Novice: 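One structure, pasted below without further comment.
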Amino acid sequence: MTRTNGVLGRRGLRTGVEWSTLGAARARAAQLVAEHRSQLREIIRNPHLNTEWARAAVRAPQLLAAVQEAIGPDVAVENTFLVVKWPGRTFEIPWHQDGTDARLELDPDRSVSAWLAISDATVSNGCLHAVPGSHHFGYLPFAPEDEHGAERGRADQASGFTSDKTTGFPLRAGTALLMDSRLLHRSSTNTSDGARVGLNVRYVAPGGIRRRDPQSPSPDPVTGTGW
(Lines give C-alpha, C1' and ligand atoms only; values in the text may rest on other atoms or scores of the structure.)
Protein backbone atom coordinates (compact mmCIF):
# COMPACT_ATOMS: atom_id res chain seq x y z
CA MET A 1 0.00 0.00 0.00
CA THR A 2 1.38 3.40 -0.98
CA ARG A 3 2.71 5.49 1.92
CA THR A 4 0.65 8.59 2.64
CA ASN A 5 3.52 11.02 2.14
CA GLY A 6 5.55 8.87 -0.24
CA VAL A 7 9.18 7.80 -0.01
CA LEU A 8 10.49 11.38 0.27
CA GLY A 9 7.98 12.86 2.70
CA ARG A 10 5.35 15.56 2.51
CA ARG A 11 7.07 17.69 -0.15
CA GLY A 12 8.00 14.73 -2.32
CA LEU A 13 11.57 15.84 -2.90
CA ARG A 14 15.01 16.15 -1.36
CA THR A 15 17.66 18.70 -2.30
CA GLY A 16 21.38 19.05 -1.62
CA VAL A 17 22.40 15.47 -2.41
CA GLU A 18 25.99 15.36 -3.66
CA TRP A 19 27.05 13.02 -6.43
CA SER A 20 30.35 14.66 -7.45
CA THR A 21 32.76 17.39 -6.51
CA LEU A 22 32.08 20.78 -8.06
CA GLY A 23 35.27 20.76 -10.13
CA ALA A 24 34.83 17.23 -11.45
CA ALA A 25 31.20 17.86 -12.45
CA ARG A 26 32.05 21.09 -14.28
CA ALA A 27 34.94 19.37 -16.07
CA ARG A 28 32.60 16.57 -17.16
CA ALA A 29 30.07 19.15 -18.39
CA ALA A 30 32.76 20.84 -20.50
CA GLN A 31 33.76 17.47 -22.00
CA LEU A 32 30.14 16.59 -22.83
CA VAL A 33 29.49 20.00 -24.39
CA ALA A 34 32.56 19.60 -26.59
CA GLU A 35 31.54 16.05 -27.53
CA HIS A 36 28.01 16.93 -28.60
CA ARG A 37 28.40 20.51 -29.87
CA SER A 38 28.88 19.64 -33.55
CA GLN A 39 25.49 17.93 -33.81
CA LEU A 40 23.84 19.95 -31.02
CA ARG A 41 22.51 16.73 -29.55
CA GLU A 42 19.95 17.46 -26.84
CA ILE A 43 18.98 14.03 -25.49
CA ILE A 44 21.24 11.00 -25.14
CA ARG A 45 19.40 7.94 -23.86
CA ASN A 46 20.79 5.53 -21.26
CA PRO A 47 24.42 6.71 -21.14
CA HIS A 48 24.86 4.64 -17.96
CA LEU A 49 24.87 1.52 -20.14
CA ASN A 50 27.83 2.47 -22.32
CA THR A 51 29.85 5.31 -20.75
CA GLU A 52 32.07 4.94 -17.71
CA TRP A 53 31.36 8.41 -16.32
CA ALA A 54 27.57 7.90 -16.26
CA ARG A 55 27.91 4.41 -14.83
CA ALA A 56 29.97 5.90 -12.00
CA ALA A 57 27.58 8.84 -11.53
CA VAL A 58 24.51 6.66 -10.87
CA ARG A 59 26.58 4.75 -8.30
CA ALA A 60 28.01 7.79 -6.49
CA PRO A 61 28.12 6.84 -2.78
CA GLN A 62 26.20 9.79 -1.27
CA LEU A 63 23.58 9.71 -4.01
CA LEU A 64 23.13 5.97 -3.73
CA ALA A 65 22.84 6.20 0.07
CA ALA A 66 20.01 8.73 -0.29
CA VAL A 67 18.25 6.50 -2.82
CA GLN A 68 18.58 3.46 -0.54
CA GLU A 69 17.22 5.45 2.37
CA ALA A 70 14.12 6.12 0.27
CA ILE A 71 13.45 2.76 -1.40
CA GLY A 72 15.60 0.17 0.37
CA PRO A 73 18.96 -1.57 -0.05
CA ASP A 74 18.34 -3.28 -3.40
CA VAL A 75 18.53 -0.69 -6.18
CA ALA A 76 18.62 -0.80 -9.98
CA VAL A 77 18.68 1.90 -12.65
CA GLU A 78 15.63 1.65 -14.89
CA ASN A 79 16.54 4.47 -17.26
CA THR A 80 18.79 7.50 -17.71
CA PHE A 81 18.62 10.56 -19.97
CA LEU A 82 21.47 12.97 -20.54
CA VAL A 83 19.88 16.33 -21.43
CA VAL A 84 21.81 19.24 -22.92
CA LYS A 85 20.03 22.59 -23.26
CA TRP A 86 21.98 24.67 -25.75
CA PRO A 87 21.85 28.47 -25.61
CA GLY A 88 19.71 30.06 -28.28
CA ARG A 89 17.57 26.95 -28.91
CA THR A 90 13.97 26.68 -27.73
CA PHE A 91 13.72 23.64 -25.46
CA GLU A 92 10.96 23.59 -22.88
CA ILE A 93 10.09 20.39 -21.05
CA PRO A 94 6.40 20.42 -20.06
CA TRP A 95 4.86 19.41 -16.74
CA HIS A 96 5.33 15.67 -16.33
CA GLN A 97 5.85 12.85 -13.83
CA ASP A 98 8.88 10.59 -14.17
CA GLY A 99 7.17 7.41 -13.01
CA THR A 100 4.70 6.99 -15.85
CA ASP A 101 4.87 7.10 -19.62
CA ALA A 102 3.63 5.17 -22.62
CA ARG A 103 5.83 2.16 -21.91
CA LEU A 104 5.82 1.77 -18.12
CA GLU A 105 4.46 2.73 -14.73
CA LEU A 106 6.56 2.65 -11.56
CA ASP A 107 5.37 1.80 -8.06
CA PRO A 108 5.91 5.07 -6.15
CA ASP A 109 6.80 3.11 -2.99
CA ARG A 110 9.61 1.32 -4.83
CA SER A 111 11.02 4.00 -7.09
CA VAL A 112 12.55 7.45 -7.04
CA SER A 113 13.99 9.76 -9.68
CA ALA A 114 17.11 11.88 -9.45
CA TRP A 115 18.15 14.90 -11.48
CA LEU A 116 21.93 15.38 -11.43
CA ALA A 117 23.35 18.80 -12.22
CA ILE A 118 26.49 18.27 -14.31
CA SER A 119 26.82 21.97 -15.08
CA ASP A 120 25.37 24.60 -12.78
CA ALA A 121 21.59 24.74 -13.24
CA THR A 122 20.21 28.27 -12.89
CA VAL A 123 16.90 29.99 -13.48
CA SER A 124 18.26 31.55 -16.68
CA ASN A 125 19.63 28.33 -18.17
CA GLY A 126 16.59 26.17 -17.48
CA CYS A 127 16.75 24.65 -14.00
CA LEU A 128 13.96 22.37 -12.85
CA HIS A 129 10.71 23.81 -11.50
CA ALA A 130 8.51 21.56 -9.39
CA VAL A 131 5.27 21.66 -7.42
CA PRO A 132 6.21 20.46 -3.92
CA GLY A 133 3.59 18.08 -2.59
CA SER A 134 2.11 17.35 -6.03
CA HIS A 135 2.87 13.64 -5.67
CA HIS A 136 -0.29 13.55 -3.56
CA PHE A 137 -2.27 13.96 -6.80
CA GLY A 138 -1.21 10.44 -7.80
CA TYR A 139 -0.42 9.65 -11.41
CA LEU A 140 -2.25 12.03 -13.74
CA PRO A 141 -3.46 11.66 -17.33
CA PHE A 142 -0.82 12.53 -19.91
CA ALA A 143 -0.42 12.89 -23.66
CA PRO A 144 2.37 13.93 -26.04
CA GLU A 145 2.95 17.68 -26.12
CA ASP A 146 2.09 19.66 -29.24
CA GLU A 147 4.25 19.10 -32.31
CA HIS A 148 7.20 21.52 -32.34
CA GLY A 149 9.34 20.06 -35.11
CA ALA A 150 12.38 19.35 -32.96
CA GLU A 151 14.45 16.24 -33.63
CA ARG A 152 14.21 15.25 -29.97
CA GLY A 153 10.51 14.42 -30.46
CA ARG A 154 7.49 15.16 -28.31
CA ALA A 155 7.61 14.82 -24.54
CA ASP A 156 4.71 13.60 -22.43
CA GLN A 157 2.68 16.36 -20.77
CA ALA A 158 0.58 15.82 -17.64
CA SER A 159 -2.92 17.29 -17.38
CA GLY A 160 -5.75 17.58 -14.88
CA PHE A 161 -4.11 19.71 -12.18
CA THR A 162 -3.82 23.33 -11.15
CA SER A 163 -1.27 24.83 -8.79
CA ASP A 164 0.26 28.22 -8.07
CA LYS A 165 3.01 26.86 -5.81
CA THR A 166 5.69 26.28 -8.41
CA THR A 167 9.23 26.39 -7.03
CA GLY A 168 12.47 26.73 -8.96
CA PHE A 169 15.40 24.52 -7.93
CA PRO A 170 18.73 25.97 -9.04
CA LEU A 171 21.46 23.42 -8.39
CA ARG A 172 25.22 23.69 -8.14
CA ALA A 173 27.14 21.33 -10.40
CA GLY A 174 27.81 18.09 -8.54
CA THR A 175 24.52 18.11 -6.60
CA ALA A 176 21.23 16.36 -7.25
CA LEU A 177 17.50 16.70 -6.65
CA LEU A 178 15.65 13.54 -5.61
CA MET A 179 11.97 13.39 -6.55
CA ASP A 180 9.01 11.15 -5.82
CA SER A 181 8.13 9.38 -9.07
CA ARG A 182 4.78 11.23 -9.11
CA LEU A 183 6.17 14.74 -8.49
CA LEU A 184 5.18 17.25 -11.16
CA HIS A 185 8.14 19.13 -12.63
CA ARG A 186 9.17 20.98 -15.76
CA SER A 187 11.99 23.15 -17.12
CA SER A 188 12.25 26.19 -19.38
CA THR A 189 14.38 27.17 -22.36
CA ASN A 190 18.00 28.06 -21.72
CA THR A 191 18.31 31.84 -22.14
CA SER A 192 21.91 32.06 -20.88
CA ASP A 193 25.14 32.12 -22.89
CA GLY A 194 26.28 28.59 -21.99
CA ALA A 195 24.94 25.04 -22.20
CA ARG A 196 23.04 23.44 -19.31
CA VAL A 197 23.86 19.76 -18.81
CA GLY A 198 21.97 17.35 -16.56
CA LEU A 199 21.38 13.64 -16.07
CA ASN A 200 17.97 12.24 -15.17
CA VAL A 201 17.93 8.84 -13.46
CA ARG A 202 15.02 6.53 -12.60
CA TYR A 203 15.86 4.16 -9.75
CA VAL A 204 13.74 1.15 -8.80
CA ALA A 205 13.66 -1.47 -6.06
CA PRO A 206 12.59 -5.07 -6.78
CA GLY A 207 8.94 -5.07 -7.78
CA GLY A 208 9.09 -1.37 -8.58
CA ILE A 209 7.96 -1.70 -12.19
CA ARG A 210 4.19 -2.17 -12.26
CA ARG A 211 3.84 -2.16 -16.03
CA ARG A 212 6.58 -2.46 -18.60
CA ASP A 213 6.91 -2.69 -22.36
CA PRO A 214 8.56 -6.09 -22.91
CA GLN A 215 10.88 -4.55 -25.50
CA SER A 216 12.33 -2.11 -22.96
CA PRO A 217 15.83 -2.77 -21.57
CA SER A 218 15.91 -4.63 -18.28
CA PRO A 219 16.79 -2.62 -15.15
CA ASP A 220 20.53 -2.40 -14.49
CA PRO A 221 21.21 -3.65 -10.92
CA VAL A 222 23.40 -1.42 -8.77
CA THR A 223 23.15 -3.01 -5.30
CA GLY A 224 21.57 -6.03 -3.66
CA THR A 225 20.65 -9.55 -4.69
CA GLY A 226 16.90 -9.19 -5.22
CA TRP A 227 17.18 -9.12 -9.01
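In this text the structure is predicted, and so the values were computed from the model without any measurement.
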Novice: Verify side chain to side chain contact (heavy atoms under 4.5 Å, CB included) between Leu184 and Gln97, making sure each step is shown before the conclusion.
Specialist: CA-CA 5 Å; Leu184 287 158; Gln97 298 168 304; 3.8 Å; yes
Novice: Whether Arg110 and Glu78 form a salt bridge (side-chain N of Lys/Arg under 4.0 Å from carboxylate O of Asp/Glu) is what I want to check.
Specialist: no
Novice: After noting the C-alpha distance and the side-chain angles of Leu183 and Asp98, does the key distance pass the side chain to side chain contact (heavy atoms under 4.5 Å, CB included) rule?
Specialist: CA-CA 8 Å; Leu183 191 78; Asp98 283 344; over 6 Å; no
Novice: A quick test of your reading: do over 12 heavy atoms of other residues, nucleotides or ligands sit less than 6.0 Å from CG of Asp213?
Specialist: yes
Novice: Considering only heavy atoms from C-beta outward, does the side chain of Leu199 approach that of Trp19 to under 4.5 Å?
Specialist: no
Novice: Can you check whether Cys127 reaches Leu171 side chain to side chain, under 4.5 Å on heavy atoms?
Specialist: no
Novice: Would you name the heavy atoms of Trp227 and Val204 that are closest together and state the gap between them?
Specialist: CH2-O, 3.4 Å
Novice: Here's a test for you: under side-chain hydrogen bond (donor to acceptor under 3.5 Å, both in side chains), which of His48, Arg45, Arg202 qualifies with Thr80?
Specialist: His48
Novice: Taking CZ in Arg10 as the centre, count heavy atoms belonging to other residues, nucleotides or ligands within less than 6.0 Å. Is the count above 12?
Specialist: no
Novice: Side chain to side chain donor-acceptor pair (under 3.5 Å), that's the test. Do Asn5 and His135 meet it? Break it down for me.
Specialist: CA-CA 8 Å; Asn5 281 324; His135 59 301; 5.3 Å; no
Novice: Not counting sequence neighbours, which residues clear ring-ring contact (aromatic ring centres under 6.0 Å, His included) with His36? List them please.
Specialist: none
Novice: Sequence neighbours left out, what passes side chain to side chain donor-acceptor pair (under 3.5 Å) with Ser119? Give chain and number order.
Specialist: none
Novice: For Asp180 and Val112: C-alpha separation, side-chain torsions, deciding distance, then whether side chain to side chain contact (heavy atoms under 4.5 Å, CB included) applies.
Specialist: CA-CA 5 Å; Asp180 188 290; Val112 68; over 6 Å; no
Novice: Could you tell me if His185 and His96 have a donor-acceptor pair between their side chains, going purely by distance under 3.5 Å?
Specialist: yes
Novice: My understanding is that only one of Asn190, Leu40, Thr189 makes a side-chain contact (heavy atoms from CB on, under 4.5 Å) with Arg89; could you say which?
Specialist: Leu40
